[in-house]
Amino acid sequence: MFLAGLLLAGGLLQLTSAQNVVDLSGTGWTLTNTQGNVTVPGSFPSLVHLDLHAAGVIPDPYNDTNEIDLRWVAWSNWTYTSKPIRGLLNHSESSWLVFDGLDTFATVQLCDQVVGTANNQFRQWQFDITEALQACINDPVVIINFSSAPATANSIASEPGQETWPDGVQGLFEFDNRWFIRKEQSDFGWDWGPAFAPAGPWQPAYLVQFKPKDGVYVLNTDIDIHREGQINHLQADQTKPWVVNASIDYLGTLPKGSSLTMDIKDSQNKSIIASGSLSGITANGNTITGITTVDADAPKIWWPTGLGEQNLYYITVNIVDINNKTLATVTKRSGFRTIILNQTNITDAQLAQGIAPGANWHFEVNGHEFYAKGSNFIPPDAFWPRVTEDRMNKLFDSIVNGNQNMLRVWSSGAYLPDFIYDIADERGVLLWSEFEFSDALYPVNKDFLDNVAAEITYQVRRLNHHPSLALWAGGNELESLELPLAAESDPDGYAKYVGEYEKLFISLILPIVYENSRSISYTPTSTGNGYTKIDFSLPVPMVERYLNITSGSYYGDSDYYNYDSSQAFNLSNYPVNRFANEFGFHSMPSVQTWQQAVADENLQFNNNVILLRNHHYPPGGLSTNTTNSAKGMGEMTTAVERYYPIPSRPDSVANFSVWCLATQRFQADMYKSEIQFYRRGSGRPERQLGSLYWQLEDIWQAPSWAGIEYDGRWKVLHYVARDIYKPVIVAPYWNSSTGDLNVTVISDLWESISGTVNLTWYNLKGELLSNNAKTPSSVPFHVGPLNITDIISTNIKDLSIPDLKDAILVLSLEASGHLPNNDTEVQFTHENFFTPVYLNEAKLVNPVLKSSYDNTNKKYVLEATKGVALYTWLDYPAGFAGYFDENSFLLIPGKPKAIGFTEMDGKSVEGVSVQTLWDQSYHE
Ligand SMILES: *[C@@H]1O[C@H](CO)[C@@H](O)[C@H](O)[C@H]1NC(C)=O
Ligand SMILES: *[C@@H]1O[C@H](CO)[C@@H](O)[C@H](O)[C@H]1NC(C)=O
Ligand SMILES: *[C@@H]1O[C@H](CO)[C@@H](O)[C@H](O)[C@H]1NC(C)=O
Ligand SMILES: *[C@@H]1O[C@H](CO)[C@@H](O)[C@H](O)[C@H]1NC(C)=O
Ligand SMILES: *[C@@H]1O[C@H](CO)[C@@H](O)[C@H](O)[C@H]1NC(C)=O
Ligand SMILES: *[C@@H]1O[C@H](CO)[C@@H](O)[C@H](O)[C@H]1NC(C)=O
Ligand SMILES: *[C@@H]1O[C@H](CO)[C@@H](O)[C@H](O)[C@H]1NC(C)=O
């Protein structure tokens, strides 16, 4: 019986003396290569590149073209050797080495005996060293040999009988054959990042020794919180009690009759909301599991940011013996929420509301639909051990302040460490999480499947307690790209490839997710048309819809890229679907970021160093031919030339800097146009409920789709996305060929809201157009929950605009209402604008900015005095970190703006500068 609200009798549970656990982290390791020309101090956890750089053997891997020059590091084998391990027991019943992660092909020796091997970066490894340790108990040394991952991948690929795929199916970036190995796939190169193929002990490790009757050592803990009766992919009954299932994987031996107890405390450690023994105890292999229920109203619910509070609880689970003696204790911070990915067929009730037939594809948190706003998260660094909590806290600051409530943690990548999920739990950022498979088909031989099964089991159990975990997806672009490529390249072999895909991503992985979680939905592919049924009696328990679709119906989510910039603002090209999980266009990072890695003399668009750092398009192997890169660079410059004034500064670094900014302006405009389009879909037949752009942040200093640069600096995109992800927005929709113009108000609030939009036409000198160009100057609106309302529907030709090249419509929204689950009344404001020509044709006027600093309020005060200032951009020099209250904004003469700066590293920013679109072209 589990008693809610009772205090645990403190004296009842006595703590045992735990096992002897020696943390192998820290210094005192030595790193050598097998060629024998390098011996340097090693740290732990670490990666070879980091230790070589720290020792001065290699330059900063991120600088210049070092990515290419350092390939010898990836082709070499490396050895980490510990100093003699101290603090061991002379007599133990058993001893183990536990590695939380080895990257990737490792042979572990103790006392010159091989004690284990590893071949998967994403698994935890335990090696029994009881016997081996006897041989050198006074001076035990651990040696870990890492063999080259690219060499190992190539050698697996050339094994007789190994699987092959038709040409053009497998996404090849730099190093080949990544699909044969369980290692971060982007380590072998991707179109936004470098290919270092690092190796090393990237996670902590421990030497664990047991005395007789010494309890157990906890390896991994699965805590699953769901509503009674809940099934992963179906709506839960929100009135039912919570079920808490705890399952602990351990080392050691449990005495017969062991069981579990639990207490659940609020995050201030003030009150215990539930405590007692778990029921239904089962012990299988090295796992003990038990279950309990918690009254429906005992805990406060966890909500994503913007939708309510992030209530968190500490859950402590004790493994106890028959006398209630504690054998092990583990505490996890968790939260109570349900989250599902709803992919069920559109119901009659939905059809009656005007929703088009087909299937749903949206998330529901605690039984509520919501609009998912966010982006795609890639590895924040090529070398994980240097990803710190401080850096991630700053990144999540930017995410939450960017009005984003969901990230897709892209495969592949690595499964994020718990501390990042902890930050997401605190900040209310949902993490749609993926297994590490991407842009390739994968082998399905038994060894590979067994290896994957162990990986998935470990990761699903490790991460399941985090309330920010929103979804598990099998892999990236598998149904939307890989299977169609296979069909095209090898029509006869297609059925085989679909069969293999289903074997791995459905028959193998789906049951593992469901066996370890009742709370998380699973989809085998990031982008697809969803499933038609789930039936565990079938050999392939999820029946995918694939192309069994009816026109006029909508299914699934979309992944859309179009590098022909002439189509960038053509709304009729954007996908109409239930959810947009990837879309974008690349841009340059700021000149400040380039200067971290590249010398000034190389800062030119066609410079070889710049070209070699741009991986869109990838070379498709280890060639240093830059033809593909030049094509990607050309897409950026063409886009700028097509729509904006062309930069041309006499000073070459200054010119490069303006060009970088210009590519960011195009990028931001294009994303804004798409996000406005997708959000409008929330009130249209497609009932579109999510927009996650590609990509949140950068892995290094290079051109990419990111909105946040490697050191945390916001590009134009992140500011613009923050603006267009506000809860209530007003947006213009223009068809540049027909002249049709609609203005729509969009709200993702959960209540109806009323307000006003002011519409004002100016010429570019900032003077009012007469009679407001036959446009109402103010329109009241009422918009329903998660809905839209069109406020203007006209054609440019029907307005009286004297000169289309000299006109701008300013849209300004005001409304008051409430955020979901919040009683405080909030003023919602949003400003947007529209010009009836692209800005390279507009008769821009020098706005002659007046700027000053308001010391009392700590704000930059900016005012345009002679003309409209477009894309007003505040910039700060290298060496500072933070973001402005607003950026890339419009200034109308006579309407000053005061803008503050949020410092992210406690250093007062100095040297802030300002420029506008007028400054993009050169004026003597
Ligand atoms: C070590 O040897 C490799 C070739 O085997 C070479 O590429 C590398 O530069 C050498 N490194 C040092 C530090 O001597
Ligand atoms: C690296 O180790 C592998 C496997 O142990 C071996 O086959 C290979 O020859 C080694 N390569 C080098 C460069 O030492
Ligand atoms: C999916 O969403 C629709 C619309 O909100 C709802 O009617 C249906 O019950 C949901 N299905 C599930 C399984 O949650
Ligand atoms: C162990 O604790 C449980 C619940 O706290 C209690 O019901 C049981 O009697 C205790 N057993 C012993 C042997 O003290
Ligand atoms: C959903 O609709 C499809 C047709 O698109 C149908 O084949 C399938 O059986 C339906 N699923 C359920 C659970 O009703
Ligand atoms: C229709 O669905 C079935 C079952 O998933 C699949 O085998 C078939 O290939 C699909 N047909 C098309 C055209 O996608
Ligand atoms: C990396 O390059 C930048 C720019 O040339 C330089 O300032 C910096 O010192 C370099 N860093 C290292 C570690 O070489």
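All residue numbers in this chain count up from 1 along the given sequence. Since this is a predicted model, take the numbers as computed values, not measurements. Indexing begins at 1, ligand by ligand and atom by atom, following the structure's order.
Of all protein heavy atoms, the one lying nearest to atom 13 (C) of ligand 6 is Leu547 CB, 3.9 Å. Scanning the protein for heavy atoms near atom 9 (O) of ligand 6, the closest one is Tyr546 CD1, 4.4 Å. Protein heavy atom closest to atom 12 (C) of ligand 5, with residue, atom name and distance, is Asn345 ND2, 3.3 Å.
Proximity of atom 7 (O) of ligand 6 to the protein is not indicated, since no non-hydrogen protein atom lies closer than 4.0 angstrom.
Relative to atom 4 (C) of ligand 6, the option among Glu544, Glu502, Glu479 with the closest non-hydrogen atom is Glu544. For the residues Ile549, Val498, Asn548, the heavy atom positioned nearest atom 11 (N) of ligand 6 is part of Asn548.
Every atom of ligand 4 with a heavy atom of Ile322 under 4.0 Å away is listed here by number and element: 13 (C). Of all the atoms in ligand 4, the ones that sit under 4.0 Å from a non-hydrogen atom of Ser277 are 4 (C). Set against the non-hydrogen atoms of Thr532, the atoms of ligand 5 under 4.0 Å away are 11 (N), 12 (C), 13 (C). If you number the atoms of ligand 6 from 1 as listed, the ones under 4.0 Å from a heavy atom of Val543 come out as 4 (C), 5 (O).
Under 4.0 Å from ligand 4, not a single heavy atom of Thr261 appears.
A donor-acceptor pair shorter than 3.5 Å cannot be found between the side chains of Thr282 and Asn284. In this structure, a donor-acceptor pair under 3.5 Å is present between the side chains of Asp249 and Thr287. Side-chain contact, Asn360 with Gln350: a donor N or O sits under 3.5 Å from an acceptor N or O.
Ring orientation note: the planes of Trp165 and Trp179 are nearly perpendicular, at an angle over 60° on the 30°/60° scale. Below 30°, between 30° and 60°, or above 60°: for Tyr560 and Tyr574 the angle between ring planes is above 60°, a perpendicular geometry.
Of all heavy-atom pairs between Thr527 and Glu479, the closest is O-CB, 3.8 Å.
Using a cutoff of 4.0 Å between basic side-chain nitrogens and carboxylate oxygens, Glu93 and Lys213 are not scored as salt-bridged. By the 4.0 Å N-to-carboxylate-O rule, Asp418 lies close enough to Arg462 to be salt-bridged with it.
For a threshold of 3.5 Å applied to N or O pairs, the pair formed by Asn323 and ligand 4 contains no separation below that value.
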